[in-house]
J.: 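I'd like to ask you about the structure that follows.
Each chain gets a letter, A, B and so on, in the order its sequence line appears, and its residues count up from 1. Hydrogens, waters and symmetry mates play no part in the numbers below; they use all other heavy atoms, side chains included.
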Amino acid sequence: MSSSNQQQFRYTQTPSKVLHFRNLPWECTDDELIDICSPFGKVVNTKCNVGANRNQAFVEFADLNQAISMVSYYASSSEPAQVRGKTVYIQYSNRHEIVNNKGPGDIPGNVLLVTIEGVEAGDVSIDVIHLVFSAFGFVHKIATFEKTAGFQALIQFTDAETASSARNALDGRSIPRYLLPEHVGSCNLRISYSAHRDLNIKFQSNRSRDYTNPMLPVNQTAIDGALQPVIGPDGKKKEPESNVLLATIENMQYAVTVDVLHTVFSAFGTVQKIAIFEKNGQTQALVQYPDVTTGAAAREALEGHCIYDGGYCKLHLTYSRHTDLNVKAFSDKSRDYTVLDPSLHATQVSLWQNTQTTPMYPGLQGQMPSWDPNQQEFTQSCLSAPGTLPPGQAVPPFPGYLPPATGSPLTQSNHIDHNASSMGITQPGVPGALPHAHMPPGIQPYYG
DNA sequence: AGCACA
C-alpha cells in the first residue's frame, strides 16, 4: 500500500470552487486559464500572475461541482493539464472565493503608467523608453515626470491589447544595461495601467513626445542632451533630420549585405526598409526607420564607426530626403521588413513569454537574460573609437538582436552563450535575422 | 511545483 505524497496531499484538501494553479508559464493570461477551465464549468473569476514568479493563478468556478470535476478529471487523466505545453498542477485552493483587489492600475487601457526604479533612473532617456516599448506596437505618445514614486512615464499605445502585451512582457523586468548611461543603476520597470486615454503633449521635449504629430513645436531648451543640436559643434549646419539614413560605406573589404545592415541598424529601433546600391563606384545604402528620432539616434551613434573590426566597412551617415523607400520586399539588395509574415509576431511573443522571470543574472539555471552583460562591453569595444579600432577579428559590432518589429532589443535567447559574435538569435524563417551570427570573419573579401 | 494585501 504505497501512495505518493501528492495523493495524500490531494486527499487531505477540502474541495473548493476556487482552484489553485502552479507551474504556469510566465505571465499566463486569464484567457489561457479560462480556455482550460471552461470545459468543466463556468469560470466566474480569475487571478493570474500570482506569486513571486508570477506563475501561479486562481480560478473560481460558479459551482463547487465544476471545480471538483476538473480536479478529478486531471487526477485520473494520463494527459496532465497544460498551458502552452507546460504541465500545470491544479489543486483546490484553501480559500473559497477569489478576492480581487483590482486597483485602478489593474484596469486595462491603452496608456501604461511605467515606474522606472533605480539609481538615477531619471536619466534614462525618453528615446530609450521609446525604443523599449516600441517593440510591442506603435507608441503614440510618451510623457515622463518625477513623482514621489520615482521616475515615471506614461506611454500611450493604440489600444489596450498592445498596452497589455507590453505590460505582460516588461513588468518586473529591467532595461538592458547597454541602453543605459554609465552612471545609471539597474532600472526595474513597474507597469500598471493609467486611466488616461489620450495624453496631451504640448511640446516635443526631453520629457515628452508625440510621435503622431511631427508638426508639434519643439521645445528646444527642454531638449537638452537628448536630441542632437541642429548646429554641429564646429558650427556647420546639418541637413534636416530624417527617418531615412543614407549610409556610405568606406573601405568595404567585406561584403555588406542587407542582413548585416539590418543587424547593425536594428540596435536603435525598427528597421523598416533597406536598399543597397552603387553610386560613383561606392556602395551606399538607405535605411528607413519609422521615425526621425530613431534615425537621429542611429546616425549619431553609428557615424564614423566601422561594421567590422580593423577599420573595415566604415559608415558615413547623412539624412536622406526620402521618407518612405519604395523597394522590393525581398532581393539581395533591398528588403522591406514591414511586409513580413504575420506568424512572426506570434513566434516572437512566445519567445518573450516562455522565458524566465528573473530580470537579471538568473545564474546557472540555464536561462539567460536578454542582455548579456558582455554585450555592453562588446558594443563599446567596437564602437568607442571610430576609425581607430585595433586590428583583430572581423565580427559584427552588434549583438544580433532582432528589431522591434519582431522583438525588442530585450529579446531573449534561451541558451547561455558568452561568445558575443554568436549572440544572434536564430529565428527560422526570419529574413534578415540570421546569417551574421556565423559570418566567417574576414573570409569574404568584397570584389565589387 | 506548493496559496493571493502590495
Side-chain angles (χ1 to χ4, degrees), chain A residues 3-34 36-37 40 43-62 64 66-68 70-108 112-118 147-152 164 167-168 170-174 188-195 353-359 362-367:
Chain A
S3 63
S4 74
N5 283 336
Q6 278 190 11
Q7 276 170 333
Q8 284 173 354
F9 197 53
R10 185 157 50 228
Y11 291 139
T12 60
Q13 291 212 303
T14 52
S16 162
K17 63 183 194 304
V18 179
L19 298 183
H20 176 232
F21 291 68
R22 50 182 210 276
N23 200 38
L24 288 161
W26 195 72
E27 289 290 327
C28 170
T29 64
D30 295 288
D31 287 339
E32 286 171 305
L33 285 176
I34 292 167
I36 63 164
C37 293
F40 302 95
V43 174
V44 296
N45 206 350
T46 60
K47 190 178 183 75
C48 60
N49 311 142
V50 165
N53 291 330
R54 294 173 158 270
N55 58 1
Q56 298 176 49
F58 297 92
V59 169
E60 182 176 337
F61 281 101
L64 178 63
Q66 299 168 349
I68 292 173
M70 184 164 189
V71 168
S72 31
Y73 174 83
Y74 284 113
S76 59
S77 167
S78 54
E79 295 292 318
Q82 290 191 329
V83 173
R84 285 183 233 166
K86 239 190 135 188
T87 296
V88 299
Y89 301 88
I90 307 173
Q91 291 175 313
Y92 299 114
S93 172
N94 52 27
R95 301 197 201 177
H96 287 82
E97 62 178 342
I98 291 178
V99 285
N100 262 7
N101 294 326
K102 278 220 164 157
D106 297 320
I107 300 162
L112 295 178
L113 173 62
V114 179
T115 305
I116 302 169
E117 307 168 334
K147 271 282 173 63
T148 46
F151 184 53
Q152 296 191 305
S164 96
R167 194 194 88 101
N168 285 338
L170 294 177
D171 188 22
R173 316 198 112 200
S174 303
N188 239 26
L189 301 174
R190 286 274 113 86
I191 306 178
S192 60
Y193 295 103
S194 163
Q353 295 180 338
N354 288 337
T355 44
Q356 94 296 341
T357 55
T358 320
L364 308 169
Q365 281 128 28
Q367 294 172 317

J.: Applying a 4.0 Å non-hydrogen cut-off, can you work out what E60(A) is touching in the nucleic acid: base, sugar-phosphate, or nothing?
T.: nothing
J.: Can you identify which nucleotide, out of dA1(B), dA4(B), dC3(B), has its nearest atom closest to the Q56(A) side chain?
T.: dC3(B)
J.: Distance check needed: dC5(B) C1' versus D106(A) CG, whole Å only.
T.: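 About 12 Å, once rounded to whole Å.
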J.: Looking only at atom types and distance, does a side-chain atom of S16(A) sit under 3.5 Å from a main-chain N or O of R95(A), one as donor and one as acceptor?
T.: yes
J.: When the distance from CZ of R54(A) to C1' of dA6(B) is rounded to whole Å, what number comes out?
T.: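 From R54(A) CZ to dA6(B) C1': 11 Å.
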J.: Rounded to whole angstrom units, what separation is found between the CG atom of N53(A) and the C1' atom of dA4(B)?
T.: 14 Å
J.: Can you tell me how far P of dC3(B) sits from CG of L19(A), to the nearest Å?
T.: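 Rounded to whole Å, this separation is 15 Å.
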J.: For K47(A), enumerate each residue passing the salt bridge (charged side-chain N to carboxylate O under 4.0 Å, His left out) test, keeping only those at least two apart in sequence or located in another chain.
T.: none
J.: Mind checking V99(A) for me? I need base, sugar-phosphate or nothing, with any heavy atom below 4.0 Å counting as a touch.
T.: base
J.: What integer distance in Å separates Q91(A):CD from dA4(B):C1'?
T.: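 About 15 Å, once rounded to whole Å.
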J.: For dA4(B), take OP1 and OP2 only and decide whether either is under 4.0 Å from a side-chain N or O of R95(A).
T.: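 For dA4(B), OP1/OP2 do have a side-chain N/O of R95(A) under 4.0 Å.
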J.: Of the nucleotides dC5(B), dC3(B), dA1(B), which has the atom closest to the N101(A) side chain?
T.: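 The closest nucleotide is dC5(B).
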J.: Mind calculating the distance between CG (N23(A)) and P (dC3(B)) to the nearest angstrom?
T.: 13 Å
J.: Side chain of Q13(A), heavy atoms from C-beta onward: which of dA1(B), dA4(B), dC3(B) has the nearest atom to it?
T.: dC3(B)
J.: Identify, between G51(A) and K86(A), the residue whose nearest nucleotide on DNA chain B lies closer to the 5' end.
T.: K86(A)
J.: Over how many whole Å does the gap from H20(A) atom NE2 to dC3(B) atom P extend?
T.: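 In whole Å, dC3(B) P lies 6 Å from H20(A) NE2.
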J.: What is the distance from CD of E97(A) to C1' of dC3(B), rounded to the nearest Å?
T.: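 Checked: the CD to C1' distance equals 15 Å.
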J.: Any donor-acceptor pair under 3.5 Å linking the side chain of K17(A) with the backbone of E97(A)?
T.: no
J.: Just jot down the ring pair (Phe, Tyr, Trp, His ring centres under 6.0 Å) partners of F58(A), sequence neighbours excluded, or say none.
T.: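 F58(A) satisfies ring pair (Phe, Tyr, Trp, His ring centres under 6.0 Å) with H20(A) only.
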J.: Taking the side chain from N23(A) and the backbone from K86(A), do they hold a donor-acceptor pair closer than 3.5 Å?
T.: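 No; judged by distance alone, with no hydrogens or angles, the pair does not exist.
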J.: With respect to the side chain of V18(A), which nucleotide from dA4(B), dC3(B), dA1(B) is positioned closest?
T.: dA4(B)
J.: Taking the side chain of I98(A) as its heavy atoms from C-beta onward, which of dC3(B), dA1(B), dA4(B) lies nearest to it?
T.: dA4(B)
